[in-house]
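Below: the structure, in C-alpha coordinates.
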Amino acid sequence: MDFPSPLSGDLVAALVFPGVLGIFGFLVVAIWLERKLVARVQWRYGPLYVSRPLGGLLQPVADLFKLVFSELVLPRHTNRLLFAATPILLFFAEGLPVVFIAAAPGVVMAPHSYGLAIAVVLVLLVAVLMVAMAWTEADKFTYIGAMREILLTAAYEVPLLLAALAMFLLYGTADPHKVVEVQSGLWGVLLNPLAFVVYLVALLMATTRFPFEIPEAEPEVVLGPYTEYGSTLFIYAFGANYVKLYVLSLLGAVLFLGGWLPAAGVLGVLITLAKMGVFVLPAMLVRAIYPRYRIDQALRIGWGQLLALSAAAVLWSLLAAWIW
Amino acid sequence: MVAVVLFIALFLAVLVLLVVVGYLFSPRRPSETKERRFEAGGPPYGPVQRRLLMQYFGYVYLVTVVEAAVGLALVAVLTADAGRAALAPLAAALVVAIAAVVAVVWRYFKLLADVRRWG
(Lines give C-alpha, C1' and ligand atoms only; values in the text may rest on other atoms or scores of the structure.)
Protein backbone atom coordinates (compact mmCIF):
# COMPACT_ATOMS: atom_id res chain seq x y z
CA MET A 1 0.00 0.00 0.00
CA ASP A 2 1.35 3.44 -0.90
CA PHE A 3 1.94 6.07 1.73
CA PRO A 4 0.04 9.31 1.06
CA SER A 5 2.99 11.67 0.86
CA PRO A 6 5.31 13.20 -1.78
CA LEU A 7 7.85 10.59 -0.68
CA SER A 8 7.12 6.89 -1.04
CA GLY A 9 6.48 4.85 2.11
CA ASP A 10 9.94 3.28 2.21
CA LEU A 11 11.66 6.66 1.91
CA VAL A 12 9.46 8.07 4.70
CA ALA A 13 10.55 5.08 6.79
CA ALA A 14 14.23 5.70 5.98
CA LEU A 15 14.30 9.46 6.49
CA VAL A 16 11.56 10.23 9.01
CA PHE A 17 9.98 7.44 11.04
CA PRO A 18 11.23 4.98 12.15
CA GLY A 19 14.40 6.07 10.34
CA VAL A 20 17.09 8.66 10.99
CA LEU A 21 14.92 11.56 12.22
CA GLY A 22 12.93 9.22 14.49
CA ILE A 23 16.06 7.80 16.11
CA PHE A 24 17.68 11.15 16.88
CA GLY A 25 14.35 12.72 17.82
CA PHE A 26 13.65 9.88 20.22
CA LEU A 27 17.06 10.36 21.83
CA VAL A 28 16.18 13.97 22.67
CA VAL A 29 12.59 13.37 23.75
CA ALA A 30 13.39 10.23 25.78
CA ILE A 31 16.17 11.95 27.76
CA TRP A 32 13.90 14.92 28.46
CA LEU A 33 10.94 12.71 29.37
CA GLU A 34 13.03 10.59 31.70
CA ARG A 35 14.39 13.61 33.54
CA LYS A 36 10.94 15.20 33.79
CA LEU A 37 9.17 12.06 34.98
CA VAL A 38 11.79 11.23 37.56
CA ALA A 39 11.74 14.84 38.75
CA ARG A 40 7.95 14.72 39.09
CA VAL A 41 8.15 11.59 41.24
CA GLN A 42 10.82 13.24 43.40
CA TRP A 43 8.88 16.54 43.72
CA ARG A 44 11.34 18.51 41.58
CA TYR A 45 10.83 20.50 38.35
CA GLY A 46 13.49 18.77 36.29
CA PRO A 47 15.13 20.57 33.34
CA LEU A 48 13.67 24.06 32.98
CA TYR A 49 16.51 26.49 32.29
CA VAL A 50 16.67 26.02 28.48
CA SER A 51 13.35 26.74 26.70
CA ARG A 52 11.21 27.35 29.79
CA PRO A 53 7.97 27.79 27.75
CA LEU A 54 8.49 24.27 26.33
CA GLY A 55 9.06 22.78 29.75
CA GLY A 56 12.81 22.45 29.15
CA LEU A 57 12.38 20.24 26.09
CA LEU A 58 15.46 21.75 24.47
CA GLN A 59 17.69 21.02 27.48
CA PRO A 60 18.84 17.64 26.04
CA VAL A 61 19.61 19.39 22.73
CA ALA A 62 21.76 21.91 24.61
CA ASP A 63 23.44 19.06 26.48
CA LEU A 64 24.13 17.22 23.23
CA PHE A 65 25.63 20.39 21.71
CA LYS A 66 27.78 20.86 24.77
CA LEU A 67 29.04 17.28 24.50
CA VAL A 68 29.73 17.52 20.75
CA PHE A 69 31.86 20.63 21.28
CA SER A 70 33.71 19.39 24.34
CA GLU A 71 37.27 18.12 23.96
CA LEU A 72 37.56 14.71 22.36
CA VAL A 73 40.10 12.83 24.44
CA LEU A 74 41.52 9.63 22.99
CA PRO A 75 43.36 7.80 25.79
CA ARG A 76 47.00 6.98 25.10
CA HIS A 77 46.74 3.29 26.03
CA THR A 78 44.04 2.47 23.46
CA ASN A 79 44.01 1.78 19.74
CA ARG A 80 42.69 5.24 18.84
CA LEU A 81 41.00 4.28 15.60
CA LEU A 82 39.05 1.43 17.20
CA PHE A 83 38.36 3.60 20.27
CA ALA A 84 36.62 6.15 18.02
CA ALA A 85 34.97 3.62 15.70
CA THR A 86 33.32 1.19 18.14
CA PRO A 87 30.76 3.60 19.68
CA ILE A 88 29.76 4.75 16.19
CA LEU A 89 29.28 1.14 15.09
CA LEU A 90 27.41 0.32 18.32
CA PHE A 91 24.96 3.21 17.91
CA PHE A 92 24.48 2.36 14.24
CA ALA A 93 23.94 -1.36 14.91
CA GLU A 94 21.36 -0.59 17.62
CA GLY A 95 19.33 1.36 15.06
CA LEU A 96 19.66 -1.16 12.24
CA PRO A 97 16.68 -3.42 13.16
CA VAL A 98 14.22 -0.62 12.23
CA VAL A 99 14.97 -1.47 8.61
CA PHE A 100 12.66 -4.49 8.95
CA ILE A 101 9.91 -3.05 11.19
CA ALA A 102 6.88 -1.36 9.66
CA ALA A 103 5.45 1.77 11.31
CA ALA A 104 2.31 1.84 9.12
CA PRO A 105 1.13 0.04 5.97
CA GLY A 106 3.91 0.50 3.41
CA VAL A 107 6.13 2.48 5.81
CA VAL A 108 8.98 -0.01 5.99
CA MET A 109 12.41 0.13 4.44
CA ALA A 110 12.81 -3.58 3.64
CA PRO A 111 9.54 -5.53 3.63
CA HIS A 112 10.29 -9.17 4.34
CA SER A 113 8.19 -12.19 5.26
CA TYR A 114 10.49 -12.79 8.28
CA GLY A 115 11.09 -9.10 8.94
CA LEU A 116 10.27 -9.12 12.66
CA ALA A 117 12.34 -12.29 13.27
CA ILE A 118 15.33 -10.68 11.58
CA ALA A 119 14.83 -7.54 13.69
CA VAL A 120 14.85 -9.61 16.92
CA VAL A 121 18.06 -11.40 15.89
CA LEU A 122 19.73 -8.08 14.98
CA VAL A 123 18.81 -6.66 18.40
CA LEU A 124 20.49 -9.62 20.09
CA LEU A 125 23.66 -9.46 17.99
CA VAL A 126 24.65 -6.01 19.20
CA ALA A 127 26.18 -7.37 22.44
CA VAL A 128 29.25 -8.23 20.36
CA LEU A 129 29.90 -4.57 19.68
CA MET A 130 29.38 -3.62 23.33
CA VAL A 131 32.08 -6.15 24.31
CA ALA A 132 34.33 -4.89 21.51
CA MET A 133 33.91 -1.33 22.79
CA ALA A 134 34.81 -2.29 26.36
CA TRP A 135 37.75 -4.32 25.07
CA THR A 136 39.04 -1.34 23.10
CA GLU A 137 38.78 0.96 26.10
CA ALA A 138 41.03 -1.44 28.08
CA ASP A 139 39.99 -0.33 31.53
CA LYS A 140 39.02 -2.47 34.49
CA PHE A 141 35.67 -0.74 34.89
CA THR A 142 34.81 -1.26 31.24
CA TYR A 143 35.85 -4.93 31.46
CA ILE A 144 33.67 -5.52 34.50
CA GLY A 145 30.80 -3.59 32.91
CA ALA A 146 31.05 -5.58 29.67
CA MET A 147 31.19 -8.85 31.58
CA ARG A 148 28.00 -7.85 33.42
CA GLU A 149 26.40 -6.84 30.14
CA ILE A 150 27.18 -10.22 28.61
CA LEU A 151 25.88 -12.10 31.65
CA LEU A 152 22.71 -10.04 31.53
CA THR A 153 22.40 -10.61 27.77
CA ALA A 154 22.69 -14.35 28.27
CA ALA A 155 19.92 -14.12 30.89
CA TYR A 156 17.39 -12.10 28.86
CA GLU A 157 17.96 -13.14 25.27
CA VAL A 158 16.40 -16.61 25.56
CA PRO A 159 13.19 -15.29 27.19
CA LEU A 160 13.07 -12.41 24.68
CA LEU A 161 13.44 -14.80 21.77
CA LEU A 162 10.84 -17.14 23.22
CA ALA A 163 8.38 -14.28 23.79
CA ALA A 164 8.80 -13.21 20.15
CA LEU A 165 8.60 -16.83 19.00
CA ALA A 166 5.37 -17.30 20.98
CA MET A 167 3.79 -14.43 19.05
CA PHE A 168 5.10 -15.64 15.68
CA LEU A 169 3.62 -19.07 16.41
CA LEU A 170 0.32 -17.51 17.39
CA TYR A 171 0.12 -15.29 14.31
CA GLY A 172 1.66 -17.90 12.00
CA THR A 173 3.87 -15.25 10.44
CA ALA A 174 6.74 -12.85 11.16
CA ASP A 175 5.80 -10.38 8.43
CA PRO A 176 5.09 -7.02 10.15
CA HIS A 177 2.07 -6.26 7.95
CA LYS A 178 0.48 -9.67 8.45
CA VAL A 179 1.24 -9.63 12.19
CA VAL A 180 -0.73 -6.39 12.54
CA GLU A 181 -3.48 -7.65 10.25
CA VAL A 182 -4.02 -10.72 12.46
CA GLN A 183 -4.46 -8.40 15.45
CA SER A 184 -7.40 -6.55 13.89
CA GLY A 185 -9.75 -8.53 16.19
CA LEU A 186 -7.76 -8.82 19.40
CA TRP A 187 -4.32 -7.37 20.20
CA GLY A 188 -1.42 -9.68 20.96
CA VAL A 189 -1.25 -8.46 24.55
CA LEU A 190 -4.69 -10.01 25.13
CA LEU A 191 -4.01 -13.10 23.03
CA ASN A 192 -0.89 -13.96 25.01
CA PRO A 193 -0.40 -11.78 28.13
CA LEU A 194 2.42 -14.01 29.39
CA ALA A 195 4.56 -13.23 26.35
CA PHE A 196 3.84 -9.51 26.84
CA VAL A 197 5.03 -9.58 30.47
CA VAL A 198 8.19 -11.49 29.49
CA TYR A 199 8.83 -9.05 26.65
CA LEU A 200 8.41 -6.02 28.93
CA VAL A 201 10.81 -7.36 31.58
CA ALA A 202 13.30 -8.51 28.93
CA LEU A 203 13.08 -5.01 27.39
CA LEU A 204 14.07 -3.48 30.74
CA MET A 205 17.00 -5.92 30.99
CA ALA A 206 18.06 -5.41 27.38
CA THR A 207 18.14 -1.64 27.73
CA THR A 208 19.72 -1.90 31.22
CA ARG A 209 17.02 0.25 32.78
CA PHE A 210 16.36 0.11 36.50
CA PRO A 211 16.19 -2.32 38.29
CA PHE A 212 18.64 -3.92 35.83
CA GLU A 213 20.98 -0.96 35.48
CA ILE A 214 23.84 -3.23 36.48
CA PRO A 215 26.55 -2.95 33.77
CA GLU A 216 26.87 0.82 34.30
CA ALA A 217 26.07 0.94 38.03
CA GLU A 218 27.68 4.24 39.00
CA PRO A 219 28.54 3.51 42.65
CA GLU A 220 30.24 0.24 41.66
CA VAL A 221 31.88 0.52 38.23
CA VAL A 222 31.91 4.29 37.45
CA LEU A 223 30.00 4.04 34.13
CA GLY A 224 30.83 0.46 33.17
CA PRO A 225 31.39 0.03 29.43
CA TYR A 226 31.22 3.81 28.81
CA THR A 227 33.79 4.87 31.41
CA GLU A 228 36.58 6.09 29.11
CA TYR A 229 34.39 8.04 26.71
CA GLY A 230 33.69 11.77 26.45
CA SER A 231 32.43 14.25 23.88
CA THR A 232 30.42 12.91 20.90
CA LEU A 233 31.66 9.37 21.46
CA PHE A 234 30.01 9.40 24.89
CA ILE A 235 26.69 10.36 23.28
CA TYR A 236 26.95 7.31 21.02
CA ALA A 237 28.18 4.88 23.66
CA PHE A 238 25.57 5.97 26.23
CA GLY A 239 22.80 6.80 23.75
CA ALA A 240 22.96 3.36 22.13
CA ASN A 241 20.75 2.01 24.93
CA TYR A 242 18.10 4.62 24.15
CA VAL A 243 18.18 3.55 20.51
CA LYS A 244 17.68 -0.05 21.64
CA LEU A 245 14.71 1.10 23.74
CA TYR A 246 13.31 2.83 20.64
CA VAL A 247 13.70 -0.29 18.51
CA LEU A 248 12.27 -2.68 21.10
CA SER A 249 9.33 -0.34 21.81
CA LEU A 250 8.52 -0.18 18.11
CA LEU A 251 8.84 -3.95 17.82
CA GLY A 252 6.65 -4.38 20.92
CA ALA A 253 3.98 -2.03 19.55
CA VAL A 254 3.78 -4.09 16.35
CA LEU A 255 3.96 -7.49 18.08
CA PHE A 256 1.59 -6.88 21.00
CA LEU A 257 -0.44 -3.69 20.52
CA GLY A 258 -1.74 -3.97 17.00
CA GLY A 259 0.82 -1.59 15.49
CA TRP A 260 -0.91 1.19 13.54
CA LEU A 261 -4.44 -0.20 13.96
CA PRO A 262 -7.17 1.05 13.69
CA ALA A 263 -5.78 3.60 11.21
CA ALA A 264 -3.33 3.75 8.32
CA GLY A 265 -1.20 6.41 6.63
CA VAL A 266 0.03 9.38 8.68
CA LEU A 267 -2.50 8.71 11.43
CA GLY A 268 -1.29 5.10 11.56
CA VAL A 269 2.28 6.31 12.10
CA LEU A 270 1.11 8.58 14.94
CA ILE A 271 -0.83 5.72 16.52
CA THR A 272 2.27 3.49 16.37
CA LEU A 273 4.23 6.29 18.04
CA ALA A 274 1.62 6.60 20.79
CA LYS A 275 1.63 2.84 21.38
CA MET A 276 5.39 2.86 21.77
CA GLY A 277 4.74 4.94 24.87
CA VAL A 278 3.31 1.84 26.57
CA PHE A 279 6.87 0.47 26.62
CA VAL A 280 8.81 3.71 26.91
CA LEU A 281 6.97 5.27 29.87
CA PRO A 282 7.43 2.34 32.30
CA ALA A 283 11.08 2.10 31.23
CA MET A 284 11.51 5.75 32.18
CA LEU A 285 9.49 5.61 35.40
CA VAL A 286 11.16 2.56 36.94
CA ARG A 287 14.28 4.67 37.42
CA ALA A 288 12.45 6.64 40.10
CA ILE A 289 10.77 3.66 41.69
CA TYR A 290 13.07 0.64 41.92
CA PRO A 291 16.48 0.11 43.49
CA ARG A 292 19.14 -1.78 41.52
CA TYR A 293 19.33 -5.57 41.61
CA ARG A 294 22.65 -7.30 42.20
CA ILE A 295 23.90 -9.15 39.14
CA ASP A 296 23.18 -12.56 40.71
CA GLN A 297 19.59 -11.52 41.49
CA ALA A 298 19.07 -10.33 37.92
CA LEU A 299 20.54 -13.56 36.53
CA ARG A 300 18.30 -15.62 38.80
CA ILE A 301 15.26 -13.75 37.46
CA GLY A 302 16.40 -14.18 33.86
CA TRP A 303 17.31 -17.85 34.06
CA GLY A 304 14.51 -18.69 36.51
CA GLN A 305 11.13 -17.00 36.53
CA LEU A 306 11.48 -15.23 33.19
CA LEU A 307 12.62 -18.34 31.35
CA ALA A 308 9.79 -20.41 32.88
CA LEU A 309 7.26 -17.70 31.98
CA SER A 310 8.55 -17.49 28.41
CA ALA A 311 8.34 -21.28 27.99
CA ALA A 312 4.77 -21.10 29.33
CA ALA A 313 4.06 -18.31 26.82
CA VAL A 314 5.18 -20.55 23.95
CA LEU A 315 2.96 -23.38 25.23
CA TRP A 316 0.07 -20.90 25.58
CA SER A 317 0.56 -19.84 21.95
CA LEU A 318 0.70 -23.42 20.70
CA LEU A 319 -2.49 -24.20 22.58
CA ALA A 320 -4.23 -21.02 21.40
CA ALA A 321 -3.16 -21.62 17.79
CA TRP A 322 -4.47 -25.18 18.02
CA ILE A 323 -7.85 -24.03 19.38
CA TRP A 324 -8.02 -20.96 17.11
CA MET B 1 16.54 -1.26 -1.52
CA VAL B 2 17.13 2.44 -2.21
CA ALA B 3 15.53 3.26 1.12
CA VAL B 4 17.82 0.86 3.01
CA VAL B 5 20.94 2.27 1.33
CA LEU B 6 19.76 5.82 1.98
CA PHE B 7 19.04 5.05 5.64
CA ILE B 8 22.43 3.41 6.19
CA ALA B 9 24.35 6.13 4.33
CA LEU B 10 22.55 9.02 6.05
CA PHE B 11 22.67 7.43 9.51
CA LEU B 12 26.41 6.72 9.29
CA ALA B 13 27.10 10.12 7.70
CA VAL B 14 25.39 11.96 10.57
CA LEU B 15 27.22 9.87 13.18
CA VAL B 16 30.65 10.42 11.61
CA LEU B 17 29.97 14.08 10.86
CA LEU B 18 29.18 14.90 14.50
CA VAL B 19 32.46 13.29 15.60
CA VAL B 20 34.45 15.16 12.92
CA VAL B 21 32.77 18.48 13.80
CA GLY B 22 33.52 17.93 17.49
CA TYR B 23 37.12 16.96 16.71
CA LEU B 24 37.72 20.00 14.49
CA PHE B 25 35.94 22.70 16.47
CA SER B 26 36.19 21.71 20.11
CA PRO B 27 38.94 23.27 22.22
CA ARG B 28 42.01 21.06 22.49
CA ARG B 29 44.36 21.20 25.44
CA PRO B 30 45.90 17.74 25.62
CA SER B 31 47.66 16.76 28.78
CA GLU B 32 49.26 13.60 30.05
CA THR B 33 46.68 13.32 32.84
CA LYS B 34 43.71 13.49 30.45
CA GLU B 35 45.09 10.76 28.26
CA ARG B 36 45.71 8.38 31.15
CA ARG B 37 43.52 5.37 31.88
CA PHE B 38 40.67 6.28 34.26
CA GLU B 39 41.53 5.17 37.78
CA ALA B 40 38.55 6.37 39.80
CA GLY B 41 40.17 9.50 41.17
CA GLY B 42 43.65 8.59 42.35
CA PRO B 43 46.82 7.26 40.76
CA PRO B 44 47.42 3.57 41.56
CA TYR B 45 49.97 2.85 44.30
CA GLY B 46 51.23 -0.19 46.19
CA PRO B 47 50.48 -3.83 45.42
CA VAL B 48 47.00 -4.69 44.25
CA GLN B 49 44.70 -6.26 46.83
CA ARG B 50 42.84 -8.46 44.40
CA ARG B 51 43.76 -9.06 40.79
CA LEU B 52 40.99 -9.12 38.20
CA LEU B 53 41.52 -12.08 35.90
CA MET B 54 41.25 -10.92 32.32
CA GLN B 55 42.36 -13.95 30.35
CA TYR B 56 38.86 -15.36 30.01
CA PHE B 57 37.51 -12.16 28.49
CA GLY B 58 38.64 -13.33 25.08
CA TYR B 59 36.40 -16.35 25.39
CA VAL B 60 33.42 -14.12 26.14
CA TYR B 61 34.17 -12.24 22.95
CA LEU B 62 34.52 -15.48 21.05
CA VAL B 63 31.19 -16.76 22.38
CA THR B 64 29.38 -13.57 21.42
CA VAL B 65 30.89 -13.69 17.91
CA VAL B 66 29.99 -17.35 17.46
CA GLU B 67 26.49 -16.62 18.72
CA ALA B 68 26.18 -13.82 16.19
CA ALA B 69 27.26 -16.12 13.37
CA VAL B 70 24.80 -18.78 14.50
CA GLY B 71 22.02 -16.18 14.71
CA LEU B 72 22.69 -15.12 11.14
CA ALA B 73 22.78 -18.74 10.01
CA LEU B 74 19.39 -19.31 11.64
CA VAL B 75 17.95 -16.32 9.83
CA ALA B 76 19.43 -17.62 6.58
CA VAL B 77 17.77 -20.99 7.11
CA LEU B 78 14.46 -19.35 8.05
CA THR B 79 14.47 -17.16 5.00
CA ALA B 80 15.39 -20.02 2.69
CA ASP B 81 11.70 -20.87 2.30
CA ALA B 82 11.02 -17.34 1.11
CA GLY B 83 13.10 -18.04 -1.96
CA ARG B 84 16.67 -18.93 -2.85
CA ALA B 85 17.29 -15.30 -3.79
CA ALA B 86 17.05 -14.22 -0.14
CA LEU B 87 19.57 -16.82 0.96
CA ALA B 88 22.43 -15.71 -1.25
CA PRO B 89 22.98 -12.19 0.21
CA LEU B 90 22.73 -13.49 3.78
CA ALA B 91 25.17 -16.29 3.07
CA ALA B 92 27.51 -13.75 1.49
CA ALA B 93 27.19 -11.51 4.57
CA LEU B 94 27.99 -14.48 6.79
CA VAL B 95 31.08 -15.35 4.76
CA VAL B 96 32.29 -11.73 4.93
CA ALA B 97 31.69 -11.57 8.71
CA ILE B 98 33.55 -14.82 9.33
CA ALA B 99 36.35 -13.78 7.01
CA ALA B 100 36.73 -10.53 8.99
CA VAL B 101 36.92 -12.46 12.28
CA VAL B 102 39.47 -14.89 10.82
CA ALA B 103 41.55 -11.98 9.53
CA VAL B 104 41.61 -10.28 12.94
CA VAL B 105 42.49 -13.54 14.73
CA TRP B 106 45.20 -14.24 12.14
CA ARG B 107 46.68 -10.75 12.59
CA TYR B 108 46.65 -10.75 16.40
CA PHE B 109 47.06 -14.43 17.19
CA LYS B 110 50.57 -14.03 18.59
CA LEU B 111 49.51 -11.08 20.69
CA LEU B 112 46.55 -13.01 22.08
CA ALA B 113 48.76 -15.97 22.92
CA ASP B 114 51.14 -13.83 24.98
CA VAL B 115 49.70 -14.30 28.45
CA ARG B 116 51.82 -11.48 29.95
CA ARG B 117 49.76 -8.91 28.05
CA TRP B 118 46.53 -10.13 29.57
CA GLY B 119 47.16 -9.14 33.18
Legend entry - Side-chain touch Phe7(B)/Val98(A), heavy atoms, less than 4.5 angstrom: yes
Inset, instruction - Kindly assign one of parallel, tilted or perpendicular to the pair Phe24(A) and Phe11(B), based on the angle between their ring planes and the thresholds 30° and 60°. - result: perpendicular
Legend entry - Test item: Thr232(A) and Tyr23(B) side chains (from C-beta on) under 4.5 Å apart, heavy atoms: no
Legend entry - Nearest heavy-atom neighbours spanning Ala3(B) and Ala14(A): O-CB, 3.4 Å
Inset, instruction - Could you look at Ile88(A) and say if it's the side chain, the backbone, both or neither that has a heavy atom under 4.5 Å from chain B? - result: both
Legend entry - Close side-chain approach of Asp10(A) to Val2(B), heavy-atom, < 4.5 Å: no
Inset, instruction - Could you walk me through whether Leu11(A) and Leu6(B) pass the side chain to side chain contact (heavy atoms under 4.5 Å, CB included) test, one step at a time? - result: CA-CA 8 Å; Leu11(A) 287 181; Leu6(B) 191 66; 3.7 Å; yes
Inset, instruction - Considering only NZ, NE, NH1 and NH2 on the basic side and carboxylate oxygens on the acidic side, decide whether Arg37(B) and Glu228(A) come within less than 4.0 Å. - result: no
Legend entry - Contact origin within Ile8(B) toward chain A - heavy atom pairs under 4.5 Å: both
Legend entry - Counterpart residues, side-chain contact (heavy atoms from CB on, under 4.5 Å), relative to Lys34(B) (two or more places apart): Glu71(A), Val73(A), Arg29(B), Ser31(B)
Legend entry - Region of Val14(B) that comes under 4.5 Å of a non-hydrogen atom in chain A: both
Legend entry - Selection from Leu96(A), Val68(A), Leu67(A) maximising heavy-atom pairs under 4.5 Å formed with chain B: Val68(A)
What side-chain donor-acceptor pairs closer than 3.5 Å can you find for residues 164-171 of chain A, not counting sequence neighbours?
{"unit_1": "Tyr171(A)", "atom_1": "OH", "unit_2": "Gln183(A)", "atom_2": "OE1", "d": "3.4"}
{"unit_1": "Tyr171(A)", "atom_1": "OH", "unit_2": "Leu255(A)", "atom_2": "O", "d": "2.5"}

Inset, instruction - Let me know if Thr227(A) has heavy atoms under 4.5 Å from chain B in its side chain, its backbone, both or neither. - result: side chain
Legend entry - Region of Ala174(A) in contact with chain B, defined by heavy-atom distances below 4.5 Å: neither
Inset, instruction - Please flag which part of Ile23(A) lies under 4.5 Å from any non-hydrogen atom of chain B: side chain, backbone, both or neither. - result: side chain
Legend entry - Leu15(B) backbone acceptor or donor facing Tyr236(A) side chain under 3.5 Å: yes
Legend entry - CZ-CG distance between Arg36(B) and Asp139(A), expressed to the nearest 0.5 angstrom: 13.5 Å
